[in-house]
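Here the structure is laid out as structure tokens; the discussion comes afterwards.
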Amino acid sequence: MNFVSIVMGSKSDYEIMKHCADTLEAFHVKYELIISSAHRSPERTKNYIKEAETKGAQVFIAAAGMAAHLAGALAATTTKPIVGVPMKGGAMDGMDAMLSTVQMPAGMPVATVALGRAGAVNAAYLAMQILAITDNELAVKLREDRIVKEKKVENDSRKIEVLI
């Protein structure tokens with residue numbers, strides 16, 4: 001069974017990462033969600049990644065703030081795609097997490113999305129796009145979703161637009 005793994009560095013990340021899980025659920029994509037820290041529970045993190053891979057995890061989403069080493073810890077342990085979601089908070093309000101997530105050494109890629117809710121939702125979409133490479137049903141759902149979004153923009157514009 002293929003699925004997406006969502007790993008959060010702390011419980012405080014759940015309020016934002018719930019939007020990631022909700023997005024996957026909307027497309028009927030299976031996922032696991034756990035809390036595991038690169039710093040506070042490194043063995044748990046390493047063991048979970050290996051276990052999740054054995055069960056069929058195809059993409060890992062890592063959400064962490066401050067030093068944000070979680071995505072890098074996952075990248076060091078698996079060759080599956082990693083999507084990093086930098087979380088707001090700390091003295092730099094997420095800038096430190098963003099820089100930590102985006103600055104991976106060559107050969108240890110982490111795709112980095114936006115801070116906060118947009119990043120959580122985009123992480124789900126990116127994970128689904130990766131899965132859709134080999135899942136035609138999911139690919140169709142994603143294309144249909146784009147059409148819905150396009151029509152919403154057009155409808156919203158019609159309600160307020162002024163054209164000469």
For the residue pair Y31 and I61, establish whether any side-chain heavy-atom pair is separated by less than 4.5 Å.
no

Greater than 12 external heavy atoms within 6.0 Å of K55's NZ
yes

Tightest non-hydrogen contact, residues V121 and H19, listed as CG2-CB, 4.0 Å

Can you confirm if the aromatic rings of F60 and F3 lie within a centre distance of less than 6.0 Å?
no

- Tell me, do M92 and M66 make a side-chain contact under 4.5 Å, heavy atoms counted? no

_Do M8 and V83 land in one hydrophobic cluster if side-chain heavy atoms of ILVMFWY residues count as linked below 4.5 Å?_
yes

query: Taking side chain as C-beta onward, heavy atoms only, is M17 less than 4.5 Å from V85?
result: yes

Decide if atom CD of E137 counts as having more than 12 heavy atoms of other residues, nucleotides or ligands within a radius under 6.0 Å. no

| Atom NZ of K141: over 12 foreign heavy atoms under 6.0 Å | yes

Contact between F27 and L142 at the side-chain level, heavy atoms closer than 4.5 Å - yes or no? yes

message: Just so I know, are the side chains of N2 and K30 near enough to count as touching, which here means a heavy-atom distance under 4.5 Å?
response: no

So CG of L138 and CZ of R143: to nearest 0.5 Å the spacing works out to 10.0 Å

Given side chains that start at C-beta, do those of V110 and T101 come closer than 4.5 Å, heavy atoms only?
-> yes

Shortest non-hydrogen pair, L70 vs S36, comes out as CD1-O, 3.5 Å

CD of E53 to CD1 of I49, rounded to nearest 0.5 Å, is 8.0 Å

Interatomic distance, OG1@T112 vs CE@M98, rounded to 0.5 Å, equals 9.5 Å

Note: P86 and A114 closest approach over all heavy atoms is CD-O, 3.9 Å

Between S37 and G9 the two heavy atoms that sit nearest each other are CB-O, 3.7 Å

Q. Any luck finding a side-chain donor-acceptor pair between N47 and R44 under 3.5 Å?
A. no

Is there a side-chain contact between M87 and L115 (heavy atoms, below 4.5 Å)? no

Taking the side chain as C-beta and beyond, is there a heavy-atom pair between D22 and E25 under 4.5 Å? yes

Nearest heavy-atom contact between I16 and A120 is O-CB, 3.5 Å

Of all heavy-atom pairs linking A124 and C20, the shortest is CB-O, 3.6 Å

The reported gap from NE2 in H69 to OG1 in T45 (rounded to nearest 0.5 angstrom) is 13.0 Å

Value for CE (M108) from OG1 (T77), rounded to nearest 0.5 Å, stands at 9.0 Å

